There are 2 protein chains.
Amino acid sequence: MHIENFKIFIDLVEKKSFSKAAKLNKITQSAVSQQIKVLEKHYNITVIDRSHKNFSMTSEGEKLFESAREIINKYEKMSAEILALKDVVCGTIHISTIYSIGLHELPPYIKNFLRDYPTVNVKVEYRRSNLVYDDILGKSADLGIVAFPIKLKQLEILPFREDKLSLVCSPEHRLANKKEIDIKEIKDQKFISFDKDIPTRKAIDLIFKEKKISVETVMEFDNVETIKRAVEINAGVSIIPEITASQEVNLGVLKTVKIKGKKFKRPLAIIYLKGRHLTPAMHKFIGMLMGKPFVRPDKSLN
Amino acid sequence: MHIENFKIFIDLVEKKSFSKAAKLNKITQSAVSQQIKVLEKHYNITVIDRSHKNFSMTSEGEKLFESAREIINKYEKMSAEILALKDVVCGTIHISTIYSIGLHELPPYIKNFLRDYPTVNVKVEYRRSNLVYDDILGKSADLGIVAFPIKLKQLEILPFREDKLSLVCSPEHRLANKKEIDIKEIKDQKFISFDKDIPTRKAIDLIFKEKKISVETVMEFDNVETIKRAVEINAGVSIIPEITASQEVNLGVLKTVKIKGKKFKRPLAIIYLKGRHLTPAMHKFIGMLMGKPFVRPDKSLN
DNA sequence: CATATCCATAAACAAAATTAATATGTTAAA
DNA sequence: TTTAACATATTAATTTTGTTTATGGATATG
């Protein structure tokens with residue numbers, strides 16, 4: 001039984017007219033007539049006594065009318081509540097992000113987001129890349145933000161933005177005064193790098209290999225902050241997202257030098273578990289990061 | 001939206017299984033899956049988070065679940081109440097009948113009916129044939145019982161039984177001792193008849209005309225009771241339904257004589273307004289008269 | 001008495017739900 | 001890791017249901 005069928009019956013009774021009920025529901029009078037017949041056949045009762053022009057209801061019809069109206073009321077109330085729920089942006093968003101993004105790129109976004117949606121609680125977890133994936137797969141975070149995203153069938157990946165990778169060195173370093181260098185100039189420098197399992201490290205190593213550049217890796221760290229500290233004391237140079245050094249550059253403790261070539265980009269992505277429910281708050285958050293209203297690319301609803 | 005769709009969603013949530021919900025509702029798992037998708041698309045929400053095997057509900061899903069359960073409860077309660085209403089045989093039945101049937105044939109039926117359904121109030125109106133039709137057409141009676149029913153498009157006619165028409169005469173009359181006579185023997189008798197507009201009169205006149213029998217119509221009455229009184233005083237003979245004279249025959253004040261031939265039958269019928277609602281009580285009443293459960297032959301429900 | 005209105009019905013068509021078959025995914029066991 | 005068992009999703013074909021259009025009968029109105 002269609003709920004709409006009850007609605008039509010109610011309109012029919014209230015208007016005492018098949019054709020008016022039809023108009024109200026934007027269908028033809030014929031459809032109303034047939035729907036009422038379906039109703040009667042379904043319960044095997046007569047709801048309307050048609051022997052008179054101004055028809056009357058039977059006792060069964062009256063019973064049906066009362067109950068149907070209650071049902072319709074409840075149904076419409078429910079529909080309204082559900083629609084309203086979609087506009088309620090609240091709750092907690094658990095974000096798991098790699099250090100560099102979380103510390104240097106996310107804060108302004110989060111600030112804006114919290115200004116727009118003060119009822120949302122945003123929790124950010126700063127983690128190594130592999131742990132971000134674990135958080136998402138293990139459902140201990142809703143959204144992850146990573147660099148050089150790894151395609152996994154369980155994950156939905158939303159390309160987000162690209163960081164410019166630059167050479168970073170101490171102001172005392174001989175490369176410090178150049179505006180732009182060719183990657184080959186890094187050859188044989190003392191180099192401070194990310195740990196070998198960090199995607200950005202892998203990307204840089206790949207470029208070195210392609211260009212047949214060998215560097216002397218003097219230190220390895222799992223996060224950009226420690227790398228910067230080491231570069232500050234002129235222990236070597238490094239390649240890191242330029243944005244992560246902006247503060248130190250302003251303070252004059254570090255220098256960044258652009259590297260020629262297109263490859264020195266670091267793609268960032270938002271990741272989440274495929275099929276996972278995203279609350280309205282999460283939708284808004286992703287939309288804000290992407291700079292446009294977010295529509296899930298994965299199954300469920302589009 | 002189908003109400004059954006809510007039912008399926010509820011079962012799905014309660015069983016936490018698409019396939020079990022399918023079995024419960026006697027449809028395939030595929031149908032459940034698609035119905036849930038319809039539900040989600042209709043409200044443009046996600047109701048179940050499928051990212052985990054033991055799936056969980058979203059907040060929208062929970063809201064929907066609660067409301068849907070209320071709706072289903074109401075719906076099922078209503079269905080039960082409506083079904084129950086059909087078994088409640090009560091109220092008043094207004095019957096309009098011609099004198100002869102109402103006085104001689106109906107009483108045993110009504111007695112039986114009231115024994116079976118003591119909560120029903122049966123009101124019988126004894127009228128001339130044409131007034132019975134008026135009662136039905138004018139809705140002042142629910143059911144009519146007439147002889148030689150006239151087909152009218154507004155009326156539903158249910159053939160009911162047939163009366164045997166017999167010659168009736170005083171025990172002193174010369175035909176009184178015969179067991180059976182030929183209709184021609186009535187020729188030239190003094191004849192007491194129904195009024196000209198009474199169907200039984202018309203039927204008898206037609207037979208006389210066919211057989212080219214002329215009688216001397218000495219009196220005309222609009223009901224069988226008065227005819228019998230006239231025959232009792234030997235004012236003439238008459239042809240009436242045999243059953244209406246049984247009492248007088250037992251008392252010895254009248255004699256009935258069978259007439260040869262098949263034509264001497266009086267078809268009786270129950271009539272009611274087409275499209276009119278018949279209460280359960282009326283259904284039972286008609287069923288009792290017809291000797292079998294009554295199913296309306298006219299439109300609406302069969 | 002013509003005309004308009006209203007409802008019922010039938011048939012053609014459109015839309016929706018269902019199934020069966022199959023794919024995909026998940027879990028647990030080998 | 002592969003396999004087997006189970007659960008859900010997807011697809012396409014089929015069936016069912018609902019709608020409209022067209023029509024006709026009944027009733028009321030002018």
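Please read all numbers here as calculations on a predicted model, not as lab measurements. A note on names: the letters A, B, ... follow the listed sequences, proteins ahead of strands, and every chain is numbered from 1.
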Whole-Å gap separating [atom2] ([N]) and [atom1] ([X]):
{"X": "B/Leu152", "N": "D/dG25", "atom1": "CG", "atom2": "P", "answer": "17 Å"}
{"X": "A/Lys274", "N": "D/dT10", "atom1": "NZ", "atom2": "P", "answer": "12 Å"}
{"X": "B/Ile8", "N": "C/dA16", "atom1": "CD1", "atom2": "C1'", "answer": "14 Å"}
{"X": "B/Ile48", "N": "D/dA7", "atom1": "CD1", "atom2": "C1'", "answer": "13 Å"}
{"X": "A/Lys20", "N": "C/dT5", "atom1": "NZ", "atom2": "C1'", "answer": "11 Å"}
{"X": "A/Lys16", "N": "D/dA28", "atom1": "NZ", "atom2": "C1'", "answer": "18 Å"}
{"X": "A/Gln35", "N": "C/dC7", "atom1": "CD", "atom2": "P", "answer": "15 Å"}
{"X": "B/Ile3", "N": "C/dA17", "atom1": "CD1", "atom2": "P", "answer": "14 Å"}

Would one find a side-chain N or O of [X] under 4.0 angstrom from OP1 or OP2 of [N]?
{"X": "A/Ser19", "N": "C/dC7", "result": "yes"}
{"X": "A/Lys37", "N": "C/dC7", "result": "no"}
{"X": "B/Lys153", "N": "D/dA26", "result": "yes"}
{"X": "B/Arg50", "N": "D/dA9", "result": "yes"}
{"X": "B/Ser33", "N": "D/dT8", "result": "no"}
{"X": "B/Lys26", "N": "C/dT18", "result": "no"}

- Item | Option from A/Val120, A/Leu278, A/Asn121 for which side chain to side chain contact (heavy atoms under 4.5 Å, CB included) with A/Ile93 holds |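 Only match with A/Ile93 under side chain to side chain contact (heavy atoms under 4.5 Å, CB included): A/Val120.
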
What nucleotide among [options] has an atom nearest to a side-chain atom of [X]?
{"X": "B/Phe18", "options": "C/dA17, D/dT27, D/dT8", "value": "D/dT8"}
{"X": "A/Ala31", "options": "D/dT20, D/dG18, C/dT19", "value": "D/dT20"}
{"X": "B/Thr28", "options": "D/dG18, D/dT27, C/dT19", "value": "C/dT19"}
{"X": "A/Gln34", "options": "D/dT19, D/dT8, D/dG18", "value": "D/dT19"}
{"X": "A/Ile27", "options": "D/dT20, D/dT8, C/dC7", "value": "D/dT20"}
{"X": "A/Ser30", "options": "D/dT20, C/dC7, C/dA20", "value": "D/dT20"}

- Message: Could you measure the distance from the CD1 atom of A/Ile98 to the CG atom of A/Leu106? Nearest 0.5 Å is fine.
- Response: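 Here the rounded value is 10.5 Å.
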
- Query: Parallel, tilted or perpendicular: which fits the ring planes of A/His2 and B/His2, with parallel below 30° and perpendicular above 60°?
  - Reply: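 It falls in the parallel class, under 30°.
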
- Item | Aromatic plane relationship, A/Phe65 with A/Phe9 - under 30° parallel, 30 to 60° tilted, over 60° perpendicular |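 Taking A/Phe65 first and then A/Phe9, their aromatic rings stand perpendicular (interplane angle over 60°).
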
- Message: Within a 6.0 Å radius of atom NZ on B/Lys86, are there more than 12 heavy atoms belonging to other residues, nucleotides or ligands?
- Response: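 Counting other residues, nucleotides and ligands, NZ of B/Lys86 exceeds 12 neighbours.
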
- Item | Whether over 12 other heavy atoms sit under 6.0 Å from B/Lys284 NZ |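 Result for NZ/B/Lys284: open.
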
- With nearest nucleotides of DNA chain C determined for A/Ser17 and A/His2 from heavy-atom distances, which residue corresponds to the more 5′ nucleotide?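 Nearest-nucleotide comparison on DNA chain C picks A/Ser17.
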
- Item | B/Phe113 and B/Phe285: CA distance, side-chain angles, deciding distance, ring-ring contact (aromatic ring centres under 6.0 Å, His included) verdict | CA-CA 7 Å; B/Phe113 185 75; B/Phe285 189 80; 5.0 Å; yes

- Message: Apply side-chain hydrogen bond (donor to acceptor under 3.5 Å, both in side chains) to residues B/Tyr43 and A/Ser79 and explain how you reach the verdict.
- Response: CA-CA 8 Å; B/Tyr43 286 110; A/Ser79 300; 3.3 Å; yes

- Message: Assuming nearest nucleotide by heavy-atom distance, tell me which of A/Gln29 and A/Asn5 is located more 5' along DNA chain D.
- Response: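 Looking at the nearest nucleotide for each, A/Asn5 comes out on the 5' side.
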
- Message: Output the pairing pattern of DNA chain C as a dot-bracket string, 5' first, Watson-Crick or G-U wobble with both distances under 3.5 Å, | for cross-strand pairs, [ ] for crossing pairs.
- Response: ||||||||||||||||||||||||||||||

